[in-house]
Number of protein chains: 2
Amino acid sequence: MNADPPRTRIQKKNRHAILDAALEVFSRHGFRGATLDQIAGEAGLSKPNLLYYFSSKEAIFVTLLSGLMETWLDPLRALDPDGEPAEELLAYVRRKLQLSRDFPRESRLFANEIVQGAPRMEHLLATDLKSLVDDKAAVIQGWIAEGKIADIDPHHLIFSVWALTQHYADFDVQVRAVLGPDHDPLAEAETFLTTLFTRLLRP
Amino acid sequence: MNADPPRTRIQKKNRHAILDAALEVFSRHGFRGATLDQIAGEAGLSKPNLLYYFSSKEAIFVTLLSGLMETWLDPLRALDPDGEPAEELLAYVRRKLQLSRDFPRESRLFANEIVQGAPRMEHLLATDLKSLVDDKAAVIQGWIAEGKIADIDPHHLIFSVWALTQHYADFDVQVRAVLGPDHDPLAEAETFLTTLFTRLLRP
DNA sequence: GTCTATACCGTGATAGAC
DNA sequence: GTCTATCACGGTATAGAC
């Protein structure tokens, strides 16, 4: 999937700086709202120099997305069909919440793109993401059939995990504005979501 | 709060057309990603003519936001302290889901702005929104103290309503991509969320 | 292989004719 | 009250010097 990997050390360093800067800027302003000037500035390069490493704004964006997709889907991929059902699902929630804590920019990047209609991601959603979700939904449906967890729609259960965990990264400013200072939203979220999903899944 | 209301009929019509077009464009691309050309085109006006009605891009945006804020907070405002607790909260969820169904553009407008750090809304969040939420959280805390519903954090309960209901408007393309055709996501969501909150709130 | 200078276009906003 | 013409600016992308 990847093109030729960068060769020289300076290339590697600059490409990395660009992608990190791009993550920062794209996640804050969305694709169209981001400017090459900002990305170049953040990366410590001139704008034309930036375009030496990537042929276009879209090229930066696509490279960024495909590099992050794997990390993004890992928590769901790790759902073990042979594990203890409720515990597996709660562990999934915790992994996803961990991503919101450690990689909020990545979360906002995807959020921005999807809210704006996902014009550069729609294919990935309908193929990779759909097949992974369908796969895991079948696992969950199996657990339901065995009476291990409550009878709830597996697809919407997965949506609810996404919505509830990503909310704390994507809508962070709102959460903090409402809670006020002296709060650790993500720590509180872990307690709250553990309760929520425990009650939801109990057969 | 409002400036002088428009006088002539044509002004009223044009202002309305502009705000509707702006809602469409801002909700799809965010503030910076939106262009006056697009808004003008969608509204059937020339760009300079548009700027006759609103002095700047930001003026359009702010007018739009403040006009929608009330509608947006109504479902929570309607939570009745004297009602039957669990039923009140479930009705709140249904009202919020109704907004996702009927006003997805409004939902995405707010989502875009908040994901991007809410630079033009932060004040509203920390004042109007916070005081409303604190108020209703106290009501919910009262219900908990009376043993009418389960003991869960009221603020995060409200966040969970937002996250779960708005997800179906803001991440609509993802939901549809994963479910595939022949689904009515919002109808399914109503069933799912009713179950979820019923189980969560049961004392 | 790396960066500087620059072209060229679309953007938000204004001036002035109608 | 509305439109045409235009401006200054910042946007993406390229040509060519080092």
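Keep in mind that this is a model prediction, so the values were computed, not measured. Naming convention: chains lettered A, B, ... in sequence-line order (proteins, then strands); numbering from 1 in each chain. What's counted below: heavy atoms across the whole structure, side chains too, no hydrogens, waters or symmetry copies.
Checking side-chain atoms of B/Asn112 against main-chain N and O of B/Ser27 turns up a donor-acceptor pair under 3.5 Å.
Between A/Pro48 and A/Asp37, the residue anchored nearer the 5' end of DNA chain D, judged by the nucleotide with its closest heavy atom, is A/Asp37. Mapping B/Arg32 and B/Asn14 onto DNA chain D via the closest heavy atom, the residue that lands nearer the 5' end is B/Asn14.
Regarding contacts with the backbone of D/dG11, a side-chain N or O of A/Thr35 is found under 4.0 angstrom from either OP1 or OP2. In this model, the phosphate group of C/dC3 is approached by a side-chain N or O of A/Tyr53 to a distance below 4.0 Å at OP1 or OP2. Contact annotation: A/Ser46 reaches the phosphate of C/dT4 (side-chain N/O to OP1 or OP2, under 4.0 Å). The phosphate of C/dT2 has neither OP1 nor OP2 within less than 4.0 Å of any side-chain N or O from A/Asn49. The side chain of A/Gln11 contributes an N or O atom lying less than 4.0 Å from OP1 or OP2 of C/dT2. Checking the phosphate oxygens (OP1, OP2) of C/dT2, a side-chain nitrogen or oxygen of A/Tyr52 falls inside 4.0 Å.
Across all strands, B/Phe54 comes closer than 4.0 Å to no nucleic acid atom at all (heavy-atom distances). Residue-level contact check: B/Ala34 touches the backbone only, with heavy atoms under 4.0 Å from sugar-phosphate atoms and none from bases. B/Leu51 comes within 4.0 angstrom of a base, heavy atoms only. B/Leu45 comes within contact range of no nucleotide atom at all, as no heavy-atom separation falls under 4.0 Å.
The distance from atom CD1 of A/Ile18 to atom P of C/dT2 is 11 Å, rounded to the nearest whole Å. Atom CZ in A/Arg15 sits about 12 Å away from atom P in C/dT2, given to the nearest Å. Here the P atom of nucleotide D/dG1 and the NZ atom of B/Lys47 are 23 Å apart, to the nearest Å. Residue B/Leu50 contributes atom CG, which lies 13 Å from atom P of C/dT14 at whole-angstrom precision. Atom-to-atom, CZ of A/Phe31 to C1' of D/dT12 comes out at 10 Å; the value is rounded to the nearest Å. In this structure, B/Ile60 places its CD1 atom 12 Å from C1' of C/dA13, rounding to the nearest Å. Here the C1' atom of nucleotide C/dG10 and the CG atom of A/Leu36 are 14 Å apart, to the nearest Å. Distance A/Gln38 CD to D/dG11 P: 8 Å, rounded to the nearest Å.
Here the OH atom belonging to A/Tyr52 is positioned 10.5 Å from the CD1 atom belonging to A/Ile18, to the nearest 0.5 angstrom.
Remark: B/His183 NE2 is packed, more than 12 non-hydrogen atoms of other residues, nucleotides or ligands lying under 6.0 Å away.
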Practice task
Kindly indicate, with the supporting measurements, whether the criterion side chain to side chain contact (heavy atoms under 4.5 Å, CB included) is fulfilled by B/Glu24 and B/Arg28.
Solution key: CA-CA 6 Å; B/Glu24 184 69 27; B/Arg28 277 251 124 76; 3.4 Å; yes
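Ring geometry for A/Phe159 versus A/His156: interplanar angle over 60°, hence perpendicular rather than tilted (30 to 60°).
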